[in-house]
Amino acid sequence: MQKLLIKGKNEISGSIKISGSKNATLPILAASILAKNITLNNAPFVKDIFTMIELLRFIGIDIKIESKKKNIKLINKKKSINTLAPYKLVKTMRAGVLVLGPLLTKYKKAKVSLPGGCAIGTRPVNLHLFALKKLGADIKIKDGYIIADAKDGLIGTKIKFPSISVGATENALLAAFGARGKTILNNCAIEPEVLDLVSFLKKLGCKIHIEGRKIIVEGIKKIKNKIKHKVIFDRIEAGTYLVAGALIGKKVVINNIYSKIFKTEIDLLKNMGVRIHTQKNSITVLKSKKLKKINISTKPYPGFPTDLQAQFMVLMTQANGLSKIKENIFENRFMHVPELKRMGAKIEIKNKTAYVFGPTKLTGAEVMATDLRASVSLVLAGLIADNRTIVNRIYHLDRGYEFLESKLKKCKAKIKRI
Ligand code: EPZ
């Protein structure tokens with residue numbers, strides 16, 4: 001099993017090019033089932049993307065990867081395809097459940113493995129199934145699989161999500177795309193990644209209109225034959241490196257982004273006293289001597305993202321006083337806390353809130369990654385800790401961070417994969 005070895009307390013400085021968003025690429029790859037000929041550019045070549053490609057190939061989509069140009073070409077000219085998403089491919093990558101909507105709306109049936117839980121929570125899909133049933137699907141759960149049928153096709157309707165879900169919004173959009181008539185989705189997730197899927201579906205010829213958390217979809221009649229799409233940048237990767245710069249950056253420039261998307265995160269960092277300068281497509285961040293404590297509560301976009309909770313917690317360990325971070329989205333997303341405490345962090349958890357006392361000196365240790373974002377918080381802690389930190393089970397990291405150690409090494413961090 002590979003590990004990351006980090007020698008702490010080395011200032012980082014330089015520029016970091018942010019990759020495409022994993023969480024925008026996954027639903028757009030699923031949408032390739034609806035299309036005929038797609039060239040997807042700027043997708044991050046990380047494990048989850050290759051797992052989704054494997055699933056789509058299993059279903060019957062022809063996929064070619066042009067690494068140099070960072071293109072993924074997807075061709076689907078088949079009248080009938082394999083409408084099965086097997087457990088072995090969905091269990092490791094929950095977003096595999098996003099093929100359900102496209103298969104159902106185009107091929108009128110689907111058999112998709114229930115994704116099962118992961119380290120951060122049980123990850124149910126009841127909201128996905130709620131929306132598909134409203135569109136007229138017949139859904140059964142049998143032997144751990146979702147068996148969905150829509151013999152007469154899906155019919156547009158009004159749907160109000162009882163709670164906000166990124167994946168359920170995406171599955172409903174993908175299903176409404178091929179439904180007859182208009183679908184009005186209320187209480188939708190409007191993360192930038194969801195909006196990137198919307199812009200992709202519009203390129204395919206679908207009429208979609210967004211008002212706040214309401215999304216109106218006109219079922220498509222004629223699909224455009226051939227389209228190209230460049231995936232939006234990864235705001236969670238960018239936020240991760242913003243924290244790295246705030247922790248130990250002499251001067252770190254984050255490129256290839258659209259800073260308007262980061263208003264919440266930038267305001268929080270500025271409130272902590274982090275020195276930040278934003279341009280339209282780049283952000284410069286400099287380490288700050290004294291960091292002020294802060295209280296954060298994770299919320300759906302445009303609120304503070306749960307995917308940056310673990311990273312900001314490391315920053316809080318260096319802030320003066322008692323900071324609080326409330327995790328409202330997932331039931332078990334504090335797995336990084338015991339590992340950070342082994343490095344000397346002073347953190348207590350009480351009913352979904354982590355109380356972080358700082359500033360505390362962190363010392364290097366051998367730690368274990370548990371989920372994608374928890375793992376990267378251990379890397380951030382390693383950058384500022386005394387001595388050396390070894391992060392185990394970094395396959396979690398490889399699911400969602402493209403070229404992590406080379407991007408940090410380019411900024412003079414002492415980090416290597418062993
Ligand atoms: C997406 O997961 C992201 N993954 C997650 O990123 C991200 O943390 C999450 O959205 C929240 O922003 C991808 O886009 C591939 P949800 P998703 O449905 O869609 C509950 C990462 O690190 N819920 O918005 O699964 C659910 O349990 C990953 O890149 C139901 O109850 O998240 C959670 O408590 C981690 N029923 C809350 O809603 C459902 O049917 C939000 O989940 C669906 C979700």
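In this chain, numbering begins with 1 at the start of the sequence shown. One-based numbering, in listed order, for ligands and for the atoms of each.
Neither the backbone nor the side chain of Ala168 has a heavy atom within less than 4.0 Å of ligand 1. When heavy-atom distances to ligand 1 are checked against a 4.0 Å cut-off, Thr306 comes that close only through its side chain, counted from C-beta outward. Contacts of Leu372 with ligand 1, taken as heavy-atom pairs under 4.0 Å, involve the side chain alone. Under 4.0 Å from ligand 1, the heavy atoms of Arg373 that appear belong solely to its side chain. The proximity of Lys22 to ligand 1, defined as any non-hydrogen pair under 4.0 Å, is limited to the side chain. Using a 4.0 Å cut-off between heavy atoms, Asp371 makes no contact with ligand 1 at all.
Residues Val125 and Val97 approach most closely at CG1-CG2, 4.1 Å, considering heavy atoms. Residues Leu174 and Leu98 come closest through the heavy atom pair CD1-O, 3.6 Å. Across all non-hydrogen atoms, the minimal contact from Val285 to Gly245 is CG1-CA, 3.8 Å.
Scanning the protein for heavy atoms near atom 32 (O) of ligand 1, the closest one is Phe330 CZ, 4.0 Å. The nearest protein atom to atom 40 (O) of ligand 1, hydrogens excluded, is given as Leu127 N, 2.7 Å; this is a heavy-atom distance. Remark: minimum distance from atom 18 (O) of ligand 1 to any protein heavy atom is reached at Ser165 OG, 2.7 Å. When only non-hydrogen protein atoms are considered, atom 38 (O) of ligand 1 lies nearest to Ile164 O, 4.2 Å. Protein heavy atom in closest approach to atom 2 (O) of ligand 1: Arg123 NH2, 3.5 Å.
In this structure, of Gly167, Gly303, Pro124, the residue bringing a heavy atom nearest to atom 43 (C) of ligand 1 is Pro124. Compare Asp307, Val376, Asn328, Leu308 by their heavy atoms: the one nearest to atom 8 (O) of ligand 1 is in Asp307.
Remark: Glu348 engages Lys341 in a salt bridge, criterion side-chain N to carboxylate O under 4.0 Å. Ionic pairing of Glu339 and Arg342 is present here: one or more N-O contacts between side-chain nitrogen and carboxylate oxygen are shorter than 4.0 angstrom. A salt bridge does not link Glu237 to Lys22: none of the charged nitrogens lies less than 4.0 Å from a carboxylate oxygen. Glu193 has a carboxylate O that lies under 4.0 Å from a charged side-chain N of Arg235, or vice versa, which qualifies the two as a salt bridge. Between Arg373 and Asp371 there is no salt bridge, since none of the side-chain N atoms of the basic residue sits less than 4.0 Å from a carboxylate O of the acidic one.
For ligand 1, one of its N or O atoms has an N or O atom of Asn126 under 3.5 Å away. For ligand 1, the polar-atom distance check against Ile329 finds a nitrogen or oxygen pair separated by under 3.5 Å. When only interatomic distances are considered, the shortest N/O to N/O separation between Asn23 and ligand 1 falls below 3.5 Å. Residue Val166 has at least one nitrogen or oxygen atom sitting less than 3.5 Å from a nitrogen or oxygen atom of ligand 1, judged on distance alone.
With sequence neighbours left out, the salt bridge (Lys or Arg N to Asp or Glu O under 4.0 Å) criterion links Lys416 to no other residue. Residues forming a salt bridge (Lys or Arg N to Asp or Glu O under 4.0 Å) with Asp307 (at least two apart in sequence, or on another chain): Arg333.
Between Lys73 and Asn71, the side chains place no donor N or O within less than 3.5 Å of an acceptor N or O (distance only, hydrogens not considered).
Using a 4.0 Å heavy-atom cutoff, Arg94 is listed among the residues neighbouring ligand 1. The shortest separation from a heavy atom of Arg333 to ligand 1 is under 4.0 Å, placing the residue in contact. The closest approach between His128 and ligand 1 falls below 4.0 Å for a heavy atom of the residue.
Distance check on atom 21 (C) of ligand 1: some protein heavy atom falls below the 4.0 Å cut-off.
With contacts defined as side-chain heavy-atom distances shorter than 4.5 Å, the pair Val194/Tyr301 does not qualify.
A cation-pi arrangement is found for Lys91 relative to Tyr87, the charged atom lying closer than 6.0 Å to the ring centre and inside a 45° cone about the ring normal.
Using a 4.0 Å cut-off to heavy atoms of Val125, the atoms of ligand 1 that qualify are 39 (C), 40 (O).
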